[in-house]
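Only one structure is covered here, and it is reproduced in the block below.
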Protein chains: 2
Amino acid sequence: MENPSTLVEGHFPYKGKWGMNQSVVKALNMLELFTEDVDELTLKEIAIKANLPKPTAYRLLSSLEAMGYVHKLKNSEHDSRYRLGLKLLELGQLVADQLEVRKTALPFMESLAEQINEAVHLVIVNQHEATYIEKVESNKALRLYTRIGKSSPLYIGSGPKLLLAYLPEDEQEAIVTKTNNERLAQELMLIRERGYAFSIGEQDTDTTGISYPIYDHRNQVIAALTVSGLSSYFIGENLELIKEKTLQTAMDISNKLGYRSQLRKE
Amino acid sequence: MENPSTLVEGHFPYKGKWGMNQSVVKALNMLELFTEDVDELTLKEIAIKANLPKPTAYRLLSSLEAMGYVHKLKNSEHDSRYRLGLKLLELGQLVADQLEVRKTALPFMESLAEQINEAVHLVIVNQHEATYIEKVESNKALRLYTRIGKSSPLYIGSGPKLLLAYLPEDEQEAIVTKTNNERLAQELMLIRERGYAFSIGEQDTDTTGISYPIYDHRNQVIAALTVSGLSSYFIGENLELIKEKTLQTAMDISNKLGYRSQLRKE
DNA sequence: TCCTCCGTTTCAATATATGAAATGACATTT
DNA sequence: AAATGTCATTTCATATATTGAAACGGAGGA
C-alpha cells in the first residue's frame, strides 16, 4: 500500500482526505441511499447500491441499527427491510434547535408568509453551498417543491446568489471563477448595490424568487430571506408590496439578532 | 482473540452483537455528545468525553465532517470547534417525511391544540421504547418541555402506557415483568377497557396527560395522541371537553389512515 | 422433492485502524 | 524576548479489526 489515497479515491467520492475511517464513510453512505421515494431497502439492495459485499453491508447496517440510525423490520427470517431510524429525527431536531438564525427568524417568516401568501425560505451558506434551513409555505394550491436541509450551488437562485454576493471576496471569486460566467460577477455587484437578489426561472421555470440579507450582531450577512412563487405574481404593484414586506421582515429579524444599522457619516 | 465479544462489550454499551463495526459505533457515539446545552466541542473535549485517544477521535471526526455530519469551525490553526452538521437536518427531515402517521396527524393535532389550548403530542413505539415524533404547543405562557425524537420507557406517562397497553401480549408481559410493578398490569387492563390512558405527575410533577389510541388501516394501534398540561386544568367540565375533543381527533386521524371501526356483533 | 433466493455466519488473510510520540503553530507566562 | 504550555495535526510501526469468498440454513416456489 504505497499510496493509501488511491484506495480511498477509488471507492468513494470523498477523495483527498487521508486518515479517514473507511468504515464510517461506507456506513454513512448507506444512509444516503434512502430518499423520499425509497423509504425501505433490503440488505441486497443496499449492498448493490452501495457497491459493497453483502457481509460488509450487513455488518455496517448492524452497527447503524444498534445506534438507532436505521431500523430493521423482519417480515420473516429471510425478508428484512431497513428504514432510516428515529435517532436521525432526534439529531435533526437538535440541529434545528441549535441554529439560532432559524429559531429567531421562524415567527417572522410565518408572519410574512401570511401577509403576502407566498413561500418564504431561509437560506445559509454551508461548505461552499447554499442550504435551505427553514420554510413556510403559502396556502396556494400550487406549491414549490423544496426540502429543508437540501443544498444547492451558490450561483443558482436568488437566495444563494444573495449569499454569494456577500461572501468574503476570496471565496466569492473562487466560485465565480469556477462557473466561468462573466455576467455573474456583474450581477453580484448589482445585488450588493440594490441590497436584494432576484431570480427568474433559475431553480425552476415559471418560478421567481427575491431575497434580502439578514445580518447578525456583527453586522455581517448570515442568511438570506427568500420569497418565491409563480412568476406571474411577481409583477407590478404586488411585486412592490412583496419587496417592501420582505425587506421589512429581513430587517426585523436582523434587529432581533442584534444588528445595528450603521448611520452613514456624510 | 478467543472471544471477540469481550472486546466489544468492554468498550461500548452496545453489547452482544458481534461483527459490529467498532469504528462506526465510536463515530456515531461522538454525535451524541452534542446536546441542547452543548452545541460546540473541541477535539480535546470530544476525545475525553468519548474516551478515545486524540488521533482516533480526530480521524473519526474527519470522516464525519467529510460526510456533513459534523462541521468544523477553525478559529485559528489550533483552535477548532465542532458542531453537528446540516446533513443531520436533511436526514431528520427525511425521516419525518417518511413517517406516515406523523404527516397525517399533524393538521389534526394543530386543530386540536387550538380547540383546547393544551400541548398535543404524538407518540409511537420504537425499539421497546416510546418515542415522541410530533408536538404542537399550546399558547400558554407555561409550556411543557419536550423534545421531538426523544424516547422514554413505555411505562411512564399516558402516551407510553397507552401504547404499552395495546402491545402484543408477549412484548407487553416482558416489559411489565421487568418493571416489577404489580399495579401496572391492572392499569393496562383498565386502559384497554376505557380506551384511553391517564397519567398524573408521572413525566413531571404538576403535569397531567391523557392519551387516546390511533389505529391504522389494519385496525391496529400504531400511535398515541396525547394531550398534556398543568394538572389543575384537567378537572371537571374542562376535562370532559378535553376527553371528547381528543377522542374525536384520534378517531379522525384513524379514519384518515384507513381505520374502519368494527361493528360489534351482539 | 428439488431448486432458488435470501439473510446470516464462518474463518483465514491482510488491509486498516491504532495510539504513543513527535510536530508545528500559536498563546501565555516568566 | 525567551520559555513554557496547549492545542490540532501528522507520522509510523504494530497489531487488531475489517474483509469477503464461501458455506449455511431456512423459506418459498416450481
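Below, chain A is the first sequence line, B the second, and so on; all start at residue 1. These values consider heavy atoms only, across backbone and side chains, with no hydrogens, waters or symmetry-generated copies.
Side-chain contact between B:Y259 and B:Q220 is absent, with no heavy-atom pair separated by less than 4.5 Å. Looking only at side-chain heavy atoms (C-beta outward), B:Y155 and B:L164 come within less than 4.5 Å of each other. Between B:D39 and B:F34, the closest side-chain pair of non-hydrogen atoms is not below 4.5 Å. Contact of the B:M30 side chain with the B:L64 side chain is registered, since non-hydrogen atoms from C-beta on lie closer than 4.5 Å. Looking at heavy atoms from C-beta onward, B:R59 lies out of side-chain contact with A:M20 at the 4.5 angstrom threshold.
Note: CG (A:L73) to C1' (C:dG7) measures 15 Å, nearest angstrom. For the pair A:N51 CG and D:dG20 P, the computed distance is 10 Å after rounding to whole Å. Separating the CG atom of B:D79 from the P atom of D:dT9 is a distance of 10 Å, rounded to the nearest angstrom. The NZ-P distance, from B:K72 to D:dA8, rounds to 10 Å in whole Å. To the nearest angstrom, P of C:dT9 lies 13 Å from CG of A:L61. Between A:M20 atom CE and D:dT10 atom C1' there is a gap of 16 Å when expressed in whole angstrom units. For A:E40 and C:dC6, the CD to C1' distance is 16 Å, given to the nearest whole Å. As rounded to whole Å, 11 Å separates atom P of C:dT8 from atom CD1 of A:I46.
Of the two residues near DNA chain C, B:S23 and A:E45, the one whose nearest nucleotide lies more 5' is A:E45.
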What are the atom names and distances for every N/O pair under 3.5 Å that joins the protein to nucleotides 20-23 of chain C?
none

Taking N or O atoms only and anything under 3.5 Å, show me the protein contacts with nucleotides 27-30 of chain C, one pair per line.
none

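For D:dA27, the OP1/OP2 oxygens have no side-chain nitrogen or oxygen of A:K74 closer than 4.0 Å. In terms of phosphate contacts, A:S80 brings no side-chain nitrogen or oxygen within less than 4.0 Å of OP1 or OP2 of C:dG7.
Contact detail for B:G159 and B:T226: the closest heavy-atom pair is CA-OG1, 3.5 Å.
Between the side chains of A:S151 and A:T131, a donor-acceptor pair is found at a separation under 3.5 Å. Under the 3.5 Å distance criterion, with hydrogens and angles disregarded, no donor-acceptor pair is assigned to the side chains of A:N21 and B:S63.
From one end of the helix from C:dT1-D:dA30 to C:dT30-D:dA1 to the other, with five pairs defining each end axis, the axis direction shifts by 30° (rounded to 10°).
Closest contact between the side chain of A:N21 and the listed nucleotides D:dC7, C:dA17, D:dT9 involves C:dA17. Of the candidates D:dT19, D:dT18, D:dT9, D:dT19 carries the atom nearest the A:K26 side chain, counting heavy atoms from C-beta on. Listed nucleotides: D:dA8, D:dT18, C:dG7. Nearest to the side chain of B:L43: D:dA8.
Partners of B:D97 according to the side-chain hydrogen bond (donor to acceptor under 3.5 Å, both in side chains) rule, which considers only residues two or more places apart in sequence or in another chain, are A:R147. For B:Y212, the ring-ring contact (aromatic ring centres under 6.0 Å, His included) partners two or more places apart in sequence, or in a different chain, are B:Y196. A:D79 meets the side-chain hydrogen bond (donor to acceptor under 3.5 Å, both in side chains) test with A:N75; sequence neighbours excluded.
Using cut-offs of 30° and 60° on the angle between ring planes, the pair A:Y215 and A:Y166 is perpendicular.
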